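A quick write-up on the structure given underneath.
Keep in mind the model is a prediction, meaning the values are calculated, not measured. So that the names make sense, note that chain A is the first sequence line, chain B the second, and so on, each numbered from 1.
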Protein chains: 2
Amino acid sequence: MEEKKQATIVDVAKAAGVSVATVSRVVNGNYPVKVETKEKVKAAISSLNYVPNVQARELNTRRSSTIGVVVPGLHNMFFAEVIDGIEDAVRQDGFSFLLNCAQNDPVQEMQAINTLVARNVSGIIVISPNTKNISENFYEELVQRVPLVFINGYHRIRGVSYVGNDEQMGSQTALEYLAGLGHKRILFVRGCNSDSYDIKEDTYREFMTKRENFSEDYILNIGEGNGVETVDATTEALKLKLPQLQPTAIFCCNDLMAVGAMNACKRLGLAVPDEISIMGYDNIALSRLVEPKITTMDQNMFQLGKSAAQLLIETIRGGKSKRIMLDNVLVSRDTTGVCKDNL
Amino acid sequence: MEEKKQATIVDVAKAAGVSVATVSRVVNGNYPVKVETKEKVKAAISSLNYVPNVQARELNTRRSSTIGVVVPGLHNMFFAEVIDGIEDAVRQDGFSFLLNCAQNDPVQEMQAINTLVARNVSGIIVISPNTKNISENFYEELVQRVPLVFINGYHRIRGVSYVGNDEQMGSQTALEYLAGLGHKRILFVRGCNSDSYDIKEDTYREFMTKRENFSEDYILNIGEGNGVETVDATTEALKLKLPQLQPTAIFCCNDLMAVGAMNACKRLGLAVPDEISIMGYDNIALSRLVEPKITTMDQNMFQLGKSAAQLLIETIRGGKSKRIMLDNVLVSRDTTGVCKDNL
DNA sequence: CTGTTAGCGCATTCAT
DNA sequence: ATGAATGCGCTAACAG
């Protein structure tokens, strides 16, 4: 590689015949400088192609305009949209962000965070933090030193901000919608290892029990709920269960499962929504790409990321930590319809 | 915020009763240190929760272990997978990366890159660079100062490395496959503003002409090819064109268009692949989530990102720039079949 | 308005 | 094997 080295502030000062302090002042524009000296300096800057070294600057201001983002993985479109929202907010405030993937592994999550701290980020956003497996103390200690915002993951740690969805209310809304359409035999499809599924299941149990319609058989756990394998796993599970259980509606904990459910119905020759209704959750892009388009609960992932970033920056600038709960709204599309059993 | 500040090397030295030089040595493990002092230092480090400040370190070693990544946008699953590959390679080499989105806008692309340079990244990966709209001189000048790798985008700039797919050969493979199935009336569906589409169209023209089967009518441009709107745009366009053109196969420039084509066929009551075959391109996750699963050309996006990152790091460490061309391989699934016209 | 100087946190000679 | 001292590029007092 060519090693034409970068000009430093000293080079500029020398070229312009002024002191480094003056150069610093015109670069930052935070102190008055006589117009003509300013011109000289600017000329020197552009002729030398000078770009201030952010690392040096941040080293002695002990501030950093970089934040860190830790995400379980990128395969999942859900996370990509959240990051998109983060990027949007961050850019508007002149920040940049370092992205790290934790591969759904608590150890890697810790490593990622340590890397970020070492790089002196001024704050960290953790998407779906693994607080169960990492000692909670890790985060309690960490937040003393660097502002933290969690996205999705129901943890109350002192000083840690949080942005998430009210999935309890969202599930309730979804179930009421289905019930309003006349459905009574509603199959519940969930994945493993996420309190998100637990919350929804609790809501489902309570809802169905209240209507004296609950049966343990109608709860189906298809395993890993966020991988490429999720769709097929759901399809296979339902191909077995559907004929036996004969539900009139399926409530899926996310859109991947909903697509799997649709594929199962297609294989079994069940018409959606005429013979059976399918309800997803998340509103990822996929849900409106398939045919018929999936009725789902919008988690507004972009907004989730954007709010988290704004909250973090606010905290960095001295604000207090807080918790934000967004409401999920129903997006009615083509996979749900009136229950024919009642006609 | 609590401002309990980070422990520095001085704090550790003090706590361990040694000099900062010694601490530095045990941290970097590059000079011999007596075992017992090493123990003392390590104890101090962990008790103080000391994390070396990367900015300070890089400031005086004049190296940086951060690279920059510029991407047109994240909505597109294609890019997410590429970034996943980058992340993988980067982490293995102890690098981190700053992610910037250019929103398909040349001006924002330049801004993003300048931000990255100011942050002293040691190299930059640009995915689908906008070299047509940005003065090529911009990149020629830039690469003198910082190593550059382009992913996808066919530009030969002196000193700039490149990783891409041989889409010419890939399209050829796809068309031969379709022809081998007996298809003669093959509709070509493309988007606008990407040389990727141009390359494929050229290949298509030549292929069809050689078989005396070419007709201008069979080339369909559906506009923006990489947005959420792409699927529906394709569906609408094909609902009109299909009845009129009666192709037996559709070659789509990407999987989004292929999904749109499938939806159109469903609406028109055309059975896939029995009455009409559909071929996609890219092999994004979506292509194996829909039913039937789409036959497509794998662009191995993860590998694309991984190779680019490795190449960049190689260049940073003193290697020469180079160009890497990956081959696309056919992934045969369920949307293509023998042409019934010939039976 | 402008220059001088003291660090920011760390790696690295040069001594010891 | 270890410590003292220097400087990376920059900002922010402080002094004119």
Side-chain angles (χ1 to χ4, degrees), chain A residues 3 5-42 44-45 48-66 114-122 145-146, chain B residues 3-42 44-45 48-66 94 117-122 145:
Chain A
E3 286 301 325
K5 66 175 177 302
Q6 280 285 4
T8 76
I9 197 171
V10 179
D11 301 324
V12 177
K14 220 169 282 175
V18 299
S19 74
V20 294
T22 303
V23 178
S24 171
R25 284 170 190 131
V26 358
V27 168
N28 295 301
N30 48 1
Y31 284 94
V33 176
K34 211 199 308 175
V35 188
E36 44 183 315
T37 31
K38 190 182 295 187
E39 290 313 317
K40 274 195 302 187
V41 172
K42 281 188 173 171
I45 287 178
L48 289 177
N49 243 317
Y50 168 71
V51 182
N53 182 319
V54 176
Q55 290 185 296
R57 170 185 299 171
E58 297 190 341
L59 177 59
N60 78 12
T61 55
R62 274 166 303 289
R63 276 178 289 124
S64 158
S65 58
T66 303
N114 283 329
T115 301
L116 257 13
V117 171
R119 281 170 192 282
N120 205 19
V121 295
S122 58
R145 296 177 292 146
V146 44
Chain B
E3 287 300 325
K4 186 198 276 189
K5 65 177 178 303
Q6 274 283 89
T8 77
I9 198 171
V10 179
D11 301 324
V12 177
K14 220 167 282 175
V18 300
S19 75
V20 295
T22 303
V23 177
S24 172
R25 285 172 189 129
V26 359
V27 168
N28 295 300
N30 47 2
Y31 284 93
V33 175
K34 210 199 309 175
V35 188
E36 44 184 314
T37 32
K38 190 182 296 190
E39 291 312 319
K40 271 194 303 184
V41 173
K42 282 187 172 172
I45 286 178
L48 288 176
N49 244 315
Y50 168 71
V51 182
N53 181 319
V54 176
Q55 289 185 297
R57 170 184 297 170
E58 297 190 342
L59 178 59
N60 82 9
T61 55
R62 274 164 301 291
R63 277 178 288 122
S64 158
S65 58
T66 302
V117 171
R119 280 169 193 283
N120 205 20
V121 295
S122 57
R145 295 180 292 149

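Partners of N120(B) by side chain to side chain donor-acceptor pair (under 3.5 Å), not counting sequence neighbours, listed by chain and number: Q55(A). By the side-chain contact (heavy atoms from CB on, under 4.5 Å) test, V117(A) is found to be paired with I113(A), I124(A), L142(A), R145(A), V146(A), Q6(B), V51(B), residues two or more places apart in sequence or in another chain being considered. With sequence neighbours left out, the side-chain contact (heavy atoms from CB on, under 4.5 Å) criterion links S122(B) to S64(B), I67(B), F95(B), I316(B). With sequence neighbours excluded, no residue satisfies side chain to side chain donor-acceptor pair (under 3.5 Å) with N49(A).
For Y50(A) and dC10(D), the shortest distance from a side-chain N or O to OP1 or OP2 is below 4.0 Å. Within the structure, every side-chain polar atom (N or O) of N60(B) is placed at least 4.0 Å from both OP1 and OP2 of dC8(C).
A side-chain donor from one of R119(A) and T66(B) sits under 3.5 Å from a side-chain acceptor of the other.
The R57(A) side chain lies nearest to dT11(D) when the options are dC10(C), dC1(C), dT11(D).
Atom NZ of K14(B) has 12 or fewer heavy atoms from other residues, nucleotides or ligands within 6.0 Å.
The stretch residues 15-25 of chain A touches DNA chain D through A21(A), S24(A), R25(A), each having a heavy atom under 4.0 angstrom from the strand.
Checked by distance alone, N53(A) brings no side-chain donor or acceptor within 3.5 Å of a matching partner on the base of dC10(D).
Axis angle, first five pairs versus last five pairs of the helix from dC1(C)-dG16(D) to dT16(C)-dA1(D): 40°, rounded to 10°.
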